[in-house]
Amino acid sequence: MFGMRKKSGDPELDAAVRELAGADTVAFGGVGFAGTLLPATEAYRRVEAAFAQRPRQAREQVDWLLRHGSPAGRAYAATLLERVDPAAARAAWTALGDDDGEFTIFTGCTMGAATLRRYAADRLAGPHPDGDAR
């Protein structure tokens, strides 16, 4: 499923992308009563930070993730694009709108399920109700 990927030259970025490629859950903050950060959330933050330090390498890895990641990994990839290239993010969400891949979503203590189709439609509809771009 994950195909061959060109390494970025940044071992931390590469490890984060590998984590996101296999993610089965999307969460942008802590989950559960303890507010624990999931490994995928930490990986998302590492890739997000890489855009400031190595934008070309980060973009290449996110583009790969859009093509080869799990459904949750592709959702993370499209979300990462929202801040650095809104037009590319919109194109990614549009392309993901035909995908019925499923994943789990956490918002704080609340767990739910989504398909990429539904999640993409929500992203294309506008800002998240709490004002966060995610």
Side-chain angles (χ1 to χ4, degrees):
M1 168 189 206
F2 300 129
M4 293 298 293
R5 181 175 55 85
K6 178 182 167 188
K7 294 190 179 189
S8 70
D10 178 343
E12 188 173 313
L13 174 59
D14 292 340
V17 170
R18 276 192 309 275
E19 178 68 39
L20 291 176
D24 61 1
T25 302
V26 171
F28 295 102
V31 301
F33 293 115
T36 304
L37 285 181
L38 299 176
T41 306
E42 292 174 341
Y44 171 86
R45 290 179 177 182
R46 285 194 304 272
V47 176
E48 185 177 44
F51 270 104
Q53 300 165 338
R54 301 183 90 165
R56 184 182 57 78
Q57 292 90 342
R59 178 60 184 266
E60 288 173 356
Q61 297 302 305
V62 168
D63 288 344
W64 178 88
L65 190 57
L66 276 170
R67 292 186 309 274
H68 301 286
S70 65
R74 292 192 306 265
Y76 276 120
T79 302
L80 283 159
L81 286 176
E82 289 177 349
R83 293 186 184 207
V84 298
D85 189 343
R90 186 162 190 74
W93 287 125
T94 299
L96 294 173
D98 291 334
D99 193 318
D100 285 322
E102 296 179 348
F103 54 95
T104 301
I105 299 174
F106 267 103
T107 304
C109 297
T110 306
M111 183 176 87
T115 64
L116 264 174
R117 178 185 304 271
R118 189 175 82 218
Y119 198 80
D122 288 347
R123 301 309 315 146
L124 288 167
H128 196 269
D130 68 1
D132 187 353
R134 292 171 241 176

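These numbers were taken from a predicted model, which means no experiment stands behind them. Computed from heavy atoms alone, side chains included, the values below leave out hydrogens, waters and symmetry copies.
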Would you name the heavy atoms of [X] and [Y] that are closest together and state the gap between them?
| X | Y | result |
| --- | --- | --- |
| Ala77 | Val62 | O-CG1, 3.5 Å |
| Gly29 | Arg45 | CA-NH2, 4.0 Å |
| Leu66 | Ala78 | CD2-N, 3.8 Å |
| Ile105 | Ala114 | CD1-CB, 3.3 Å |

Within a 6.0 Å radius of atom CD on Glu12, are there more than 12 heavy atoms belonging to other residues, nucleotides or ligands? no
Would you please name every residue forming a side-chain hydrogen bond (donor to acceptor under 3.5 Å, both in side chains) with Arg117, sequence neighbours left out? Asp100
With a 3.5 Å distance limit and no angle check, can you tell me whether Ser70 reaches the backbone of Ala23 through a side-chain donor-acceptor pair? yes
When you measure from the side chain of Arg74 to the backbone of Ala92, do you find a donor-acceptor pair of N or O atoms at a distance under 3.5 Å? no
Does one hydrophobic cluster hold both [X] and [Y], with members joined at side-chain heavy-atom distances below 4.5 Å?
| X | Y | answer |
| --- | --- | --- |
| Met111 | Leu37 | no |
| Trp64 | Leu116 | yes |
| Leu80 | Phe28 | yes |
| Phe51 | Leu20 | yes |
| Val17 | Phe103 | yes |

Using a strict threshold of under 4.0 Å (side-chain N to carboxylate O), is an ion pair present between Glu82 and Arg123? yes
Identify whether the distance between the nearest side-chain nitrogen and carboxylate oxygen of Asp14 and Arg18 falls below 4.0 Å. no
How long is the gap from CZ on Arg118 to CG on Asp99, to the nearest 0.5 Å? 13.5 Å
Side-chain contact test, heavy atoms from C-beta onward, threshold under 4.5 Å: evaluate it for Thr104 versus Val26 and give yes or no. no
Do Thr94 and Leu124 come close enough that some side-chain heavy atom pair is under 4.5 Å? yes
For the pair Trp93 and Thr79, evaluate side-chain contact (heavy atoms from CB on, under 4.5 Å) and give the outcome as yes or no after the intermediate values. CA-CA 9 Å; Trp93 287 125; Thr79 302; 3.4 Å; yes
With side-chain contact (heavy atoms from CB on, under 4.5 Å) as the criterion, how do Arg59 and Leu81 come out once you've worked through the C-alpha distance, each side chain's angles and the decisive distance to 0.1 Å? CA-CA 8 Å; Arg59 178 60 184 266; Leu81 286 176; 3.6 Å; yes
Between Tyr44 and Tyr76, what is the ring plane arrangement, given parallel below 30°, perpendicular above 60°, and tilted in between? tilted
Evaluate Val31 against Thr41 for side-chain contact (heavy atoms from CB on, under 4.5 Å), listing each step before the verdict. CA-CA 10 Å; Val31 301; Thr41 306; 5.8 Å; no
Take Asp10 and Gln57 through the side-chain contact (heavy atoms from CB on, under 4.5 Å) test and state the conclusion after the steps. CA-CA 8 Å; Asp10 178 343; Gln57 292 90 342; over 6 Å; no
